[in-house]
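In this text, all values refer to a predicted model and were calculated from it rather than measured experimentally. Numbered from 1 within each chain, the chains take letters A, B, ... in sequence-line order.
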Amino acid sequence: MISDVVRVRFAPSPTGYLHVGGLRTALYNYLFAKHNNGKFVLRIEDTDRNRYVEGAVENLITTMKWAGLDYDEGPEIGGEFGPYFQSQRLEIYNKYVNELIEKGNAYRCFCSAERIQNLREEQQAKKLQAKYDKHCLNLTKEEIEQKMQAGEQYVIRLNVPVNQRILIEDIVRGHVEFNSDTVDDQILIKSDGFPTYHLANVVDDHLMKITHVIRGEEWLTSTPKHVLLYDFFEWERPKFAHLPLLLNPDKSKLSKRQGDVAVEDYQKKGYLKEALINFVALLGWNAGDDVEIYEMEQLIEKFSLERVNKAGAVFNVEKLDWLNFEHLKNKPNEDILSMLKEELKNSKYAEKNFSDEYLLNVIESMKERVSFVKEFIEKSFYYFESPTEFDESVIQKRWKEDTPQQLTELRSAFEKLDNPNKEDFENALRSTAEKLNVGAGKLIHPLRLAVSGTGQGPGLFDLLFTLGKEEVIRRINTALETIKPN
RNA sequence: GGCGCAUUCGUCUAGUGGCUUAGGACGCCGCCCUCUCAAGGCGGAGAUCACGGGUUCGAAUCCCGUAUGCGCUACCA
């Protein structure tokens, strides 16, 4: 046993932002750890100095925190298996790779980039698999010694055995078999002294006592290299689970070209973390029942790797929108209030002041009509400013010849009200309708148009109550002056 | 090209040999409710389970092949 508790890791390379595919991988790791009372480790795979991006790690951490994926060990918080940045673990990789060299499982390669390039072209011309020809494996100790003395640059390669079956047991895919002849003598240590992913991830996973390697399917074909390394070191292999890829609508691997891929893009668009997590959880996994709406706790309770799908999943934004609507609806109005206030601050109504009570009424009346917090402002702008235009098609349909006169009558009825509540408005309207001998609809629709400028929205009496008597009368007057009957 | 993985409604999926005239969800359409729009309720269209062979009394489910898609094939991760 590697460890008596489940230990998993999310090991991104800091290339700038957290990809939604990465979010899903991180989530599955997190869920698996939490479900099994295990530990979730964050490890930064920053061994490629050419791809270093300023601020990427901070950004990654911020995004993970936003999503609620708290890790037990990793950058900022540390842990007993640190450091958690691979760039700070160089001596460790060195020590282990030397062990491999001594055992003959790895060797120094002094080949020039040109020779490798030519080799590859030759192989491609013959339609052969492109792989290193073990040329430097034939170097004698003395030759190696001499080249090193001369300061020649070299890399360290994995000495892959010839014609050997490599069997891998994957939790989501079952048995997968490779022949070692299809595996290249992978570079373990680059000429700059940094390890490649393959060496670093194996050494670290072992040292950090990782029990389950849960990662994207793009790693499946390099797993033989990793497995070989575990065997050479005589280390127990962790269990592997390779997750299906997230796809564009055209089924290619999810990419920037065809939409947003950064978690922060969705965050900026106003998606709730609950919705994004819920959505991404269901992309490649389901509990076997018909439940679609999940909170994090329920995901933790129900998640298992055995129920992860094999095939890639298209990232379909329509369903995400629906989930956002559902999760927004499930939120207490008080929570939405603070989000709405934030949204208002960044809107053209930033200068205006609205009481919490007023906004809470807005929220209650619009909750079932919006999918995003910003839509409270966009869809029911009339709560934040008087309408200046009136929907032409609604005028056509609802504003009749006798409407002005009827609304005038209604206005007088409203004027008599004292601090009216919802019911008072309704009673006043209905009795006016009766008095005028018309159906209530004859007043309701034009009145909605008059106070909101549109033909849709919350129940009229909720609207009137929230707006208040004075404002309602003001708006009726404006409408009466502006709208010409047709 | 080589190697690997995958393939059920447009999309996410249920299904692990008989319970399936293949179930649910999103989206779409219709009806009901109704002061509008939503929400909600009800219903509909939508999958010859990629294709072809087997195995079996019986296959979406097991096996083989083909096709297609995707991934990997870097001194990237």
### Task
Output the single nucleotide from B/rA77, B/rC35, B/rG4 whose closest atom is nearest the side chain of A/Ile444.
B/rC35
### Message
Heavy atoms only, 4.0 Å cut-off, all strands: where does A/Thr454 land among base, sugar-phosphate and nothing?
### Response
nothing
### Query
Is any side-chain N of the basic residue among A/Lys319 and A/Glu292 closer than 4.0 Å to the acidic one's carboxylate O?
yes
### Summary
Applying the 3.5 Å cut-off to both distances, the Watson-Crick or G-U partner of B/rG40 turns out to be B/rC32
### Message
Within the 4.0 Å heavy-atom criterion, would you say A/Tyr52 contacts the bases, only the backbone, or no part of the nucleic acid?
### Response
nothing
### Among B/rU36, B/rG1, B/rA77, the nucleotide that comes nearest once only the side chain of A/Lys127 is considered
B/rG1
### A/Lys379 side chain near B/rU36 phosphate (N/O to OP1/OP2, under 4.0 Å)
no
### Task
Decide whether A/Glu409 and A/Gln405 meet the rule of one side-chain donor and one side-chain acceptor closer than 3.5 Å.
no
### Task
Would you mind listing every ring-ring contact (aromatic ring centres under 6.0 Å, His included) that reaches into residues 108-137 of chain A, with sequence neighbours excluded?
A/Phe110-A/Tyr154
### Nearest-Å distance for atom pair CD/P, residues A/Gln129 and B/rU73
12 Å
### Residues A/Arg448 and A/Asp391 bridged, charged N to O under 4.0 Å
no
### Query
Is a donor-acceptor pair below 3.5 Å formed from side chain A/Arg173 to base B/rC5, judging by atom type as modelled?
no
#### Entry: Residue A/Glu45, side-chain atoms from C-beta onward, closest of B/rG4, B/rA77, B/rC35
B/rA77
#### Entry: Residue whose closest nucleotide on RNA chain B lies nearer the 5' end, A/Lys310 versus A/Ala440
A/Lys310
### Query
Across all strands, who's sitting opposite B/rA50 as a Watson-Crick or G-U wobble pair, both distances under 3.5 Å?
B/rU66
### Query
Using purine N1 to pyrimidine N3 plus N6-O4 or O6-N4 for Watson-Crick, or N1-O2 and O6-N3 for G-U wobble, both under 3.5 Å, which nucleotide pairs with B/rA22?
none
### Task
Name the nucleic acid region contacted by A/Gly455, choosing base, sugar-phosphate or nothing; use a 4.0 angstrom heavy-atom cut-off, strictly under.
base
### Query
Between A/Glu426 and A/Lys422, does at least one N-O distance fall below 4.0 Å, as a salt bridge requires?
no
### Summary
Separation of B/rG71 atom P from A/Leu246 atom CG, nearest Å, is 13 Å
## Note on the structure
Across every strand shown, the nucleotide meeting Watson-Crick or G-U wobble geometry with B/rU56 (both distances under 3.5 Å) is none
### Task
Name the nucleic acid region contacted by A/Lys329, choosing base, sugar-phosphate or nothing; use a 4.0 angstrom heavy-atom cut-off, strictly under.
sugar-phosphate
### Query
NA contact type, A/Leu460, heavy-atom cut-off 4.0 Å: base, sugar-phosphate, or nothing?
base
### Task
Mark yes or no: A/Lys374 above the aromatic ring of A/Phe372, with NZ or CZ under 6.0 Å from the six-membered ring centre and no more than 45 degrees from the axis.
yes
### Task
Would you classify A/Val176 as touching base, sugar-phosphate or nothing, given that sugar-phosphate means primed atoms plus P, OP1 and OP2, and contacts are heavy atoms under 4.0 Å?
sugar-phosphate
### Query
With the threshold set at 4.0 Å, does a side-chain nitrogen-carboxylate oxygen contact exist between A/Asp402 and A/Lys442?
no
## Note on the structure
Re B/rC9: Watson-Crick or G-U wobble partner, both distances kept under 3.5 Å, found to be none
### Task
Identify which nucleotide among B/rC70, B/rG2, B/rU36 has an atom closest to any side-chain atom of A/Ser252, counting heavy atoms from C-beta outward.
B/rC70
### Query
For B/rA74, does OP1 or OP2 lie under 4.0 Å from any side-chain N or O of A/Arg120?
yes
### Summary
With B for base contact, S for sugar-phosphate-only contact and - for none (protein heavy atoms under 4.0 Å), nucleotides 12-20 of chain B reads BSSS-----
### Summary
From the candidates B/rC35, B/rG71, B/rC75, the one with an atom nearest any side-chain atom of A/Glu218 is B/rG71
### Query
For A/Asp184 and B/rC72, what is the distance between atoms CG and P respectively, to the nearest whole Å?
16 Å
### Query
So what does A/Pro458 touch, heavy atoms closer than 4.0 Å: a base, only the sugar-phosphate, or nothing?
base
### Message
Categorize A/Thr15 for me: base, sugar-phosphate, or nothing, with a 4.0 angstrom heavy-atom threshold over every strand shown.
### Response
nothing
#### Entry: Among B/rA74, B/rU36, B/rC76, the nucleotide that comes nearest once only the side chain of A/Ala130 is considered
B/rA74
### Task
Using a strict cut-off of less than 4.0 Å between a Lys/Arg side-chain nitrogen and an Asp/Glu carboxylate oxygen, indicate whether A/Asp184 and A/Lys225 qualify as a salt bridge.
no
### Sugar-phosphate only, base, or nothing, as touched by A/Glu177 at under 4.0 Å among non-hydrogen atoms
sugar-phosphate
### Message
Using OP1 and OP2 only, check whether a side-chain N or O of A/Lys190 sits under 4.0 Å from B/rA77.
### Response
yes
### Message
Checking base pairs now: Watson-Crick or wobble, both atom distances under 3.5 Å. What partners B/rC3?
### Response
B/rG71
### Task
Check if the side chain of A/Thr182 and the base of B/rC3 share a donor-acceptor pair of N or O atoms closer than 3.5 Å.
no
### Task
Using a 4.0 Å heavy-atom cut-off across all strands, classify A/Ser13 as base, sugar-phosphate, or nothing.
sugar-phosphate
#### Entry: Atom CD of A/Glu434 with >12 non-hydrogen neighbours under 6.0 angstrom
no
## Note on the structure
Sorted by chain and residue number, the ring pair (Phe, Tyr, Trp, His ring centres under 6.0 Å) partners of A/His198 (sequence neighbours excluded) come out as A/His226
## Note on the structure
Picking from B/rC5, B/rA38, B/rG71, the nucleotide nearest the side-chain atoms of A/Thr221 would be B/rG71
### Query
Do any side-chain nitrogens or oxygens of A/Lys253 fall under 4.0 Å of OP1 or OP2 in B/rC72?
yes
